[in-house]
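Small disclaimer: the values here were computed from a predicted structure and weren't measured.
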Amino acid sequence: MAAVNPRKLTEPRGKTLSIHVVTWNVASAAPPLDLSDLLQLNKENLSVDMYVIGLQEMNCGIMSLLSDTAFEDPWSSFFMDVLSPLTFVKVSSVRMQGLLLLFFAKHQHLPFVQILSTKSTPTGLFGYWGNKGGINICLKLYGYYVSIINCHLPPHMANNDQRLQHFDRILEMQNFEGQNIPNILDHDLILWFGDMNFRIEDFGLHFVRESIKNQCYSDLWEKDQLSIAKKHDPLLREFQEGPLLFPPTYKFDKNSNNYDTSEKKRKPAWTDRILWRLKRQPQANPHTPRLPAPDFCLTLRSYVSHMVYCISDHKPVTSTFDLELKPLVSAPLITLIPEGLWTMENDMLISYSLTPDFLSSPWDWIGLYKVGLRHINDYVSYVWVRDNQVSFNDGLSQVYFNVSNIPETEDQFLLCYYSNSLHSVVGISKPFKIQPGSSLAEDLLGEAQPHI
């Protein structure tokens, strides 16, 4: 039995996580052929740890919704096809009619991401229809509370007050009563983005287009409805945004980079926005400004639109952030160890240790995955930990795993421990290979070591 080293009680080192946020009103279009520019895959030395992707106006016809209920929707499938070979796993998703929110993380981060809640807040017709509103994923990331909101607010120049009311309503509805989760305004980070539909006031169509043509955006910023609202709303002012150094992202003729040439000739606007809010420390006195917590810091690295995509009347917008934090949780709740040499012919053993504060459940399970898994249900096989347990001693447990029905492959595998009570992966093994049965004798003669 492999020994498990006791965890050293050392001060956790600081971590820097790169988070890439995408918002795009896709106007019922199917995914384009290439998402490299959108996901920054065309950049050398890609170092993204997590993707947060929010779409609005996905195709939500009856047949499309029925199909997406039974199968993955085309956009989710396409993002998984692109990201899973790069070891990103879809950790969580939530859908409300045309709104979709996806959260991906590299597999090594899975034990430190706990999904706490997903929520939909419709604000459409009479406050019940989901064509407008917000969807939320609430999670703990290395012990910190993070809320992610994708929204679609009411359109048209004259509906600015209604937009602000819907913004407030979405925020008010993010309550977690009875779930032992703090109020959203006490979360360490809120990422809020979407088609917010704020417009540019006062200036006429010709002036706005000439300003865009000459890249003179400063006059337009002053009349941007969101910028104006932040001057008068203290809570909205706490949400930060990067500088708008890109052209307004709405409204374009589809399949072109030309602003609206239809009879309506809608005035261009920065409708698609990405905001964030960090938790503030309590004020020591009324004259002392509140500062962000020193162990949790967010830095904006880029805030851009992507003009190369023409399938919609909106251009997508992305932000890349560096999140610097000192982990509140630095060791996984479960440490998994595949025992010995795994072959296709035998039941194999898995040893795992639990931290003292982890409460296991009879419904916990361990999944066997190929490296490059798309989502947590993309397992090759699995075992219930209680049903297959063979020993338990001093915090170390063993379960057996039947691999005889797994096709022979050269792929590498991972083991993940899924906690039913926490609805999250709480332990992950290092990659290893399962040896073909015919090569077992040769491996033993060569005194082969476990492929871990």
Side-chain angles (χ1 to χ4, degrees), residues 20-32 35 38-39 51-61 64-65 68 72-79 92-104 118-125 127-137 147-156 159-160 162-164 166-167 169-171 173-174 190-199 225-226 239 241 246 248-252 254 260 266 268-276 303-307 309-319:
H20 189 69
V21 180
V22 176
T23 180
W24 193 2
N25 182 321
V26 297
S28 299
L35 291 175
L38 185 73
L39 301 175
Y51 283 97
V52 176
I53 301 169
L55 304 181
Q56 306 88 39
E57 287 195 23
M58 286 179 56
N59 188 350
C60 58
S64 176
L65 286 174
D68 295 348
E72 290 282 357
D73 67 87
W75 281 94
S76 295
S77 293
F78 195 54
F79 281 118
S92 184
S93 66
V94 57
R95 171 94 183 259
M96 181 178 72
Q97 289 184 221
L99 281 167
L100 176 68
L101 178 57
L102 303 168
F103 179 73
F104 289 85
T118 60
K119 193 177 184 69
S120 301
T121 305
T123 61
L125 188 63
Y128 294 103
W129 193 242
N131 63 321
K132 297 292 186 289
I135 50 180
N136 167 266
I137 296 174
S147 268
I148 303 167
I149 301 174
N150 173 25
C151 74
H152 193 184
L153 302 182
H156 307 309
N159 289 333
N160 192 41
Q162 190 180 12
R163 275 188 283 280
L164 296 173
H166 285 206
F167 190 97
R169 174 171 170 76
I170 292 168
L171 193 61
M173 293 302 292
Q174 307 310 311
I190 302 173
L191 290 170
W192 192 326
F193 48 86
D195 180 0
M196 298 187 179
N197 261 319
F198 290 106
R199 307 303 168 103
Q225 289 177 332
L226 177 57
F239 285 87
E241 182 180 19
F246 50 86
T249 54
Y250 175 84
K251 175 182 171 92
F252 290 86
K254 289 187 179 180
D260 188 13
R266 291 183 179 87
W270 286 289
T271 56
D272 310 280
R273 313 290 277 267
I274 298 174
L275 313 177
W276 74 93
Y303 188 32
V304 297
S305 65
H306 298 261
M307 297 291 288
Y309 297 105
C310 301
I311 60 172
S312 168
D313 53 355
H314 291 251
K315 300 299 182 183
V317 174
T318 64
S319 287

> How about T121 and Q174: does a side-chain donor come under 3.5 Å of a side-chain acceptor?
Replying inline: yes
> Could you give the distance from CZ (R163) to CZ (R199), rounded to the nearest 0.5 Å?
Replying inline: 6.0 Å
> Does L99 reach the side chain of M58, with side-chain heavy atoms less than 4.5 Å apart?
Replying inline: no
> Do Y303 and F246 have their ring centres less than 6.0 Å from each other?
Replying inline: yes
> Do N160 and F198 come within less than 4.5 Å of each other through their side chains, counting heavy atoms only?
Replying inline: yes
> Which heavy atom in P122 sits nearest to a heavy atom in R169, and how many Å separate them?
Replying inline: O-NE, 4.0 Å
> Should L38 and T318 be marked as a side-chain contact (heavy atoms from CB on, under 4.5 Å) after you check the CA-CA gap, both sets of side-chain angles, and the distance that decides it?
Replying inline: CA-CA 7 Å; L38 185 73; T318 64; 3.9 Å; yes
> Roughly how far, to the nearest 0.5 Å, is CG of L100 from CH2 of W75?
Replying inline: 10.0 Å
>> Please report the interatomic distance CD(Q97) to NZ(K132), rounded to the nearest 0.5 Å.
In response: 10.0 Å
>> Has E57 got a side-chain atom pairing as donor or acceptor with G98's backbone, closer than 3.5 angstrom?
In response: no
> How close do S92 and I137 get, heavy atom to heavy atom, and via which atoms?
Replying inline: OG-CD1, 3.8 Å
>> Working to the nearest 0.5 angstrom, can you tell me the gap between T23 OG1 and L191 CG?
In response: 12.0 Å
>> Set out, in order, the CA-CA distance, both residues' side-chain angles and the distance that settles side-chain contact (heavy atoms from CB on, under 4.5 Å) for I190 and W276, then state yes or no.
In response: CA-CA 5 Å; I190 302 173; W276 74 93; over 6 Å; no
>> Which heavy atom of I135 sits nearest to which heavy atom of S120, and what is that distance?
In response: CG2-OG, 3.7 Å
> Distance-only, no hydrogens or angles: does the D73 side chain make a donor-acceptor pair with backbone N or O of S76 under 3.5 Å?
Replying inline: yes
> So which of T249, D272, I311, I53 actually passes side-chain contact (heavy atoms from CB on, under 4.5 Å) with W24?
Replying inline: I311
> Between N136 and T118, is there a donor-acceptor pair closer than 3.5 Å when you use the side chain of the first and the backbone of the second?
Replying inline: no
> Side chains of N197 and T271: do they bring a donor and an acceptor to under 3.5 Å?
Replying inline: no
> Closest heavy-atom contact between P74 and P31?
Replying inline: O-CG, 3.9 Å
>> Quick check for you: to the nearest 0.5 Å, what is the distance between S93 atom OG and E72 atom CD?
In response: 6.5 Å
> Looking only at heavy atoms, which two atoms of E241 and I274 are closest? And how far apart?
Replying inline: CG-O, 3.6 Å
> In chain order, what residues pass the ring pair (Phe, Tyr, Trp, His ring centres under 6.0 Å) check against F167, with sequence neighbours excluded?
Replying inline: W192, F239
> Does the R273 side chain pair with the main chain of F193, one donor and one acceptor, at a distance under 3.5 Å?
Replying inline: no
> Among all residues two or more places apart in sequence or in another chain, which pass the ring pair (Phe, Tyr, Trp, His ring centres under 6.0 Å) test with Y250?
Replying inline: H314
> Are V94 and K119 close enough, and set up right, to give a side-chain contact (heavy atoms from CB on, under 4.5 Å), and what steps lead you there?
Replying inline: CA-CA 8 Å; V94 57; K119 193 177 184 69; over 6 Å; no
>> Tell me the closest heavy-atom pair linking K254 and A27, and the distance in Å.
In response: NZ-O, 3.5 Å
> Taking atom CZ of F104 and atom CZ of F79, what is their separation to the nearest 0.5 Å?
Replying inline: 7.5 Å
> Taking the six-membered ring of Y309, is NZ or CZ of K315 closer than 6.0 Å to its centre and within 45° of its axis?
Replying inline: no
> For the side chain to side chain donor-acceptor pair (under 3.5 Å) test, which of N25, D195, N150, N131 pairs with Q56?
Replying inline: N150
>> side-chain contact (heavy atoms from CB on, under 4.5 Å) for I148 and L101? Distances and angles first, verdict last.
In response: CA-CA 9 Å; I148 303 167; L101 178 57; 3.9 Å; yes
> Would you call D313 and K251 a salt bridge, taking side-chain N to carboxylate O under 4.0 Å as the test?
Replying inline: yes
